[in-house]
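Report on the following structure.
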Amino acid sequence: MLRRLLTLFAVTAIGLAAAQSQIEIFSWWAGDEGPALEALIERFQELHPGIEVINATVTGGSGVNARAVLKTRMLGGDPPDSFQVHAGQELIGTWVVADRMEDLTFLYEEMGWFENYPQGLIEASSTADGIWSVPVNIHRSNVMWYVPAKLEEWGITPPASWSEFLTVCPAIQAAGVTPLALGENWTQVHLWESVALGVLGPDDYDKLWTAELPFNDPKAMEIWDVFGDVLACTNDDAAGLSWQQATDMVVGGSAAFNIMGDWAAGYLTTTLGLEPGVGYGWAASPGTDGVFMWLSDAFGLPQGIQNREATVEWLRFIGTAEAQDIFNPLKGSIAPHLDSDLSLYNAYLQSAAADWQNNRVVGSLAHGTVAKEAFASDFATVMEIYLATGSAMNAANAAQAIATQVGLGQ
Ligand code: GAL
């Protein structure tokens, strides 16, 4: 009897010990942004019952609030075990330069990811000193969303250029419909990068980030002129709307179009239950057909965390094709992993995957890919200056001043 009790005690103790490993995964995928991450965590827990995942979220599209909380925690020596961050300059310009992240080259070697991930994505996630994150998806920024039945009702088609959009704008307004739904500040920066790409084309757009094309060059100033005209075709209450609320305007028929990243496809399908191609349609944002503006959500390994081994297990998992094929069909993104099974993805995502293969690829400003982090975060102020003054010159000069201050392109 005593022996049995002792055995029971030992088994329970082992069970408890096994379940005691706990990791905190920090992100801004809260509320209706949550299902993809929740599904990912659920599968991870099945595979690793001994590791408990704390799903810590700070709500707010594009991480506007989460990044501020993360900053306080990182600076205060209280890092989450792993956190969502955009692959590229966003992580490199913050916690990599501050020497707070671990180099993950060992994982890429161990897991064979050098063969399984696009070379360009690995390069964007790396510096000369290491590879800093594991990307879990590829999102597309330059997408225009609409409801096909509504466009038919109004007798319009998705505009192929901004000038076409501006031509059709008054007629849409005359019908009592907002031509382009817009939300809070970051969604305005999001719109701006699509306008910039449409106005400049990919070559000159790329030159903004290498500082070969100054922001106050006449070519780049034209972005603000077009942007101003486009803003006149948007809703007056933009500043108070989340990206989901702007998307809702299109779904509800009070707006014709919305420019948003393809997490909108996740929202439209996973949350609202709409079928791609039927309940909603999509096109490249005006003037950007054939170009895929990319960004990637990734997770890294902060230095000095308590549960390093369990966190490495999490990173191993999210880098697999299996994990990414659970996450991305719900999220509205495609898998960076080259062994992803496209049959698991809906019609929108299959078209995004084809474009990712065949299009010219450029990086996103608004989502941390391409510009130095200090520039990207200060760009919110440039946007405020433009909204307050309506002056292309003021905005362009402000952008150039920040570019010079942070040494953009160096
Ligand atoms: C992006 C992020 C997406 C999505 C979106 C809206 O920055 O990469 O995964 O969450 O913000 O919050």
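Order of listing sets the numbers, starting from 1, for every ligand and every atom in it.
Remark: aromatic rings of Trp294 and His86 are distant, center separation not under 6.0 Å.
Listed for the Asn142 side chain is no donor-acceptor partner under 3.5 Å among the backbone atoms of Ile259. A donor-acceptor pair is defined here as one N or O able to donate and one able to accept, closer than 3.5 Å; such a pair exists between the side chain of Asp103 and the backbone of Ile131.
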List below, pair by pair, the N or O atoms of ligand 1 and of the protein that are less than 3.5 Å apart, including the distance to 0.1 Å; reply 'none' if no pair qualifies.
residue: ligand 1; atom: 7 (O); partner: His86; partner atom: NE2; Å: 2.8
residue: ligand 1; atom: 7 (O); partner: His367; partner atom: ND1; Å: 2.7
residue: ligand 1; atom: 8 (O); partner: His86; partner atom: NE2; Å: 2.8
residue: ligand 1; atom: 8 (O); partner: Asp297; partner atom: OD1; Å: 2.7
residue: ligand 1; atom: 8 (O); partner: Asp297; partner atom: OD2; Å: 3.2
residue: ligand 1; atom: 9 (O); partner: Trp29; partner atom: NE1; Å: 3.2
residue: ligand 1; atom: 9 (O); partner: His139; partner atom: NE2; Å: 3.4
residue: ligand 1; atom: 9 (O); partner: Asp297; partner atom: OD2; Å: 2.6
residue: ligand 1; atom: 9 (O); partner: Lys331; partner atom: NZ; Å: 2.8
residue: ligand 1; atom: 10 (O); partner: Trp28; partner atom: NE1; Å: 3.1
residue: ligand 1; atom: 10 (O); partner: Trp29; partner atom: NE1; Å: 2.9
residue: ligand 1; atom: 10 (O); partner: Glu33; partner atom: OE1; Å: 2.8
residue: ligand 1; atom: 11 (O); partner: Trp28; partner atom: NE1; Å: 3.4
residue: ligand 1; atom: 11 (O); partner: Ser62; partner atom: N; Å: 3.4
residue: ligand 1; atom: 12 (O); partner: Trp28; partner atom: NE1; Å: 3.3
residue: ligand 1; atom: 12 (O); partner: Glu33; partner atom: OE2; Å: 2.5
residue: ligand 1; atom: 12 (O); partner: Ser62; partner atom: N; Å: 2.8

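Considering only residues two or more places apart in sequence or on other chains, Glu42 meets the side chain to side chain contact (heavy atoms under 4.5 Å, CB included) condition with Glu46.
Among residue pairs with one or both ends in residues 164-183, those qualifying as ring pair (Phe, Tyr, Trp, His ring centres under 6.0 Å) are Trp162-Phe165; sequence neighbours excluded. Counting only residues at least two apart or in different chains, side-chain hydrogen bond (donor to acceptor under 3.5 Å, both in side chains) contacts with residues 167-179 are absent.
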